[in-house]
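Since the structure is predicted, the reported quantities are computational estimates derived from the model, not experimental observations.
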Amino acid sequence: MKITERQTGLLERIVQEYIGSAKPIGSQLVETKHHFGICPATIRIEMQKLTEAGYLRQPHTSAGRVPTDKGYRFFVNNLLEKGINDFENIPEIQKIVEREREDTVKFIWRLAKFLSDASSELATVYLFEKDCFWREGWEEVLLKPEFNEKNLVVNFTNLLENFEEKAANLKLIPGIRIYIGRENPFPKAREFSIISSKCCLPEEGEAIFTLLGPKRMDYDKNISLINSLTKLLEGL
């Protein structure tokens, strides 16, 4: 099913609202907050069509809708088609480069810490030449409501361990790679997303910068963050 322009706009708003609230999104909220110019009954019909097409799902009979992997993928593809904006806090990245460039370990750690703080996700950096793996943001990402379910904490821990073990063997080409839910090449990772980029640093060699977190991550901000960091580092 090819969705209409109105359904596309509706799906984008639902994804954005769910990313911000972590709560199922109902037709009344969409109508009140986004002023589509159509009544809640029509919005419900459109949401039902998006559900039948696999872009949304309804967790409970009386609940609103939440995005599926297909819905997130559609949202992300639209972001990429529109073009990736520069991250708003590039000067902070430049400060790290200027202050810590001579100390590789501190330089990479500061970059990982910045990625984590800016995204509120778990950030990792892997240097091929040194076979070293940095990770930052574990405590903050676990505060997200998804991790109230203990089994997701276990699965996320396994995902990080699998990623760390196999980072050196990942066949990444330069540029951003985004894995959503079941797209992930790791077991028990269907509730999570990965945004990863490989770049070549002048002195440290090839590196992989990655953000890992729940599927309900801020893709717009995180994609621009990883993209801007990669462009800046490759321009050193």
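- The salt bridge (Lys or Arg N to Asp or Glu O under 4.0 Å) pairs that include a residue from residues 5-16 are Arg6-Glu46, Glu12-Lys82, where partners are two or more places apart or lie in different chains.
- Separating the CG atom in Leu56 from the CD1 atom in Ile25 is a distance of 10.0 Å, to the nearest 0.5 Å.
- The salt bridge (Lys or Arg N to Asp or Glu O under 4.0 Å) contacts involving residues 203-224 comprise Asp69-Lys215, Arg101-Glu204, Glu146-Arg216, Lys198-Glu206, where partners must be two or more places apart or lie in separate chains.
- Considering every non-hydrogen atom in both Met217 and Ser193, the closest pair reads CE-O, 3.6 Å.
- Applying the side chain to side chain donor-acceptor pair (under 3.5 Å) test to Asn162 and every residue at least two apart in sequence or in another chain returns nothing.
- Every residue two or more places apart in sequence or in another chain was checked for a side chain to side chain donor-acceptor pair (under 3.5 Å) with Lys70, and none qualifies.
- Residues Asn78 and Leu11 form no side-chain contact, since every pair of their non-hydrogen atoms from C-beta on lies 4.5 Å or further apart.
- Remark: the backbone N or O of Phe192 is paired with a side-chain donor or acceptor of Asn184 at under 3.5 angstrom.
- For Phe74, the ring-ring contact (aromatic ring centres under 6.0 Å, His included) partners at least two apart in sequence or on another chain are Tyr55.
- Under the rule for a side chain to side chain contact (heavy atoms under 4.5 Å, CB included), the partners of Val153 that lie at least two apart in sequence or sit in another chain are Leu142, Phe147, Thr157.
- Pairs passing the ring-ring contact (aromatic ring centres under 6.0 Å, His included) check and including a residue from residues 76-103, sequence neighbours excluded, do not occur.
- Taken from CG in Leu233 to OG in Ser228, the straight-line distance is 10.5 Å, to the nearest 0.5 Å.
- Residues Pro187 and Asn158 are not in side-chain contact: their nearest non-hydrogen atoms beyond the backbone lie 4.5 Å or more apart.
- Distance check, rounded to the nearest 0.5 Å: CZ of Arg182 to CD of Glu191 gives 8.0 Å.
- Under the rule for a ring-ring contact (aromatic ring centres under 6.0 Å, His included), Phe114 has no partner lying at least two apart in sequence or in another chain.
- The hydrophobic clustering, which links ILVMFWY residues whose side-chain heavy atoms are closer than 4.5 Å, places Leu80 and Ile176 together.
- The backbone N or O of Gly54 lies less than 3.5 Å from a partner atom in the side chain of Thr68, making a donor-acceptor pair.
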Could you tabulate the donor-acceptor pairs under 3.5 Å formed by side-chain atoms of residues 130-137, not counting sequence neighbours?
{"residue": "Asp131", "atom": "OD1", "partner": "Tyr126", "partner atom": "OH", "Å": "2.6"}
{"residue": "Arg135", "atom": "NH1", "partner": "Glu164", "partner atom": "OE1", "Å": "3.4"}
{"residue": "Glu136", "atom": "OE2", "partner": "Trp109", "partner atom": "NE1", "Å": "2.8"}

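- Under a hydrophobic clustering in which Ile, Leu, Val, Met, Phe, Trp and Tyr are joined whenever their side-chain heavy atoms come within less than 4.5 Å, directly or via other members, Trp138 and Phe163 fall into the same cluster.
- For the atom pair Ile194 CD1 and Asn222 CG, the distance stands at 13.0 Å (nearest 0.5 Å).
- The line from OG1 of Thr210 to CD1 of Ile226 is 6.5 Å long, rounded to the nearest 0.5 Å.
- Considering only residues two or more places apart in sequence or on other chains, Asp103 meets the side chain to side chain donor-acceptor pair (under 3.5 Å) condition with none of them.
- Residue pairs meeting the salt bridge (Lys or Arg N to Asp or Glu O under 4.0 Å) criterion with at least one partner in residues 18-35, sequence neighbours excluded, are Glu17-Lys33.
- Going from atom CD1 of Ile84 over to atom NZ of Lys231 covers 8.0 Å, rounded to the nearest 0.5 Å.
- Scanning both residues, Arg44 and Ser27, for their nearest heavy atoms gives CG-OG, 3.0 Å.
- By the side chain to side chain donor-acceptor pair (under 3.5 Å) test, Glu81 pairs with no residue at all, sequence neighbours left out.
- Both Val105 and Phe209 sit in one connected hydrophobic cluster of ILVMFWY residues. Membership requires side-chain heavy atoms under 4.5 Å apart, directly or through other members.
- Here the closest non-hydrogen pair linking Ala123 and Ser116 is CB-N, 3.6 Å.
- With contacts defined as side-chain heavy-atom distances shorter than 4.5 Å, the pair Thr104/Leu127 qualifies.
- Counting only heavy atoms from C-beta outward, the side chains of Ile195 and Leu225 never approach each other to under 4.5 Å.
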List the steps, then state whether side chain to side chain contact (heavy atoms under 4.5 Å, CB included) holds for Ile43 with Gln28.
-> CA-CA 8 Å; Ile43 292 176; Gln28 190 67 51; over 6 Å; no
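- Pairing each heavy atom of Ala189 with each of Leu159, the nearest pair is CB-CD1, 4.0 Å.
- Ser119 and Leu115 get closest at one heavy-atom pair: OG-O, 2.7 Å.
- For the residue pair Pro24 and Pro59, the shortest heavy atom distance occurs at CG-CG, 4.2 Å.
- The side-chain heavy atoms of Leu10 and His34, taken from C-beta on, include no pair separated by under 4.5 Å.
- At a threshold of 4.5 Å between non-hydrogen side-chain atoms, the residues Leu160 and Phe156 do not count as touching.
- Around atom NZ of Lys113, no more than 12 heavy atoms belonging to other residues, nucleotides or ligands sit under 6.0 Å away.
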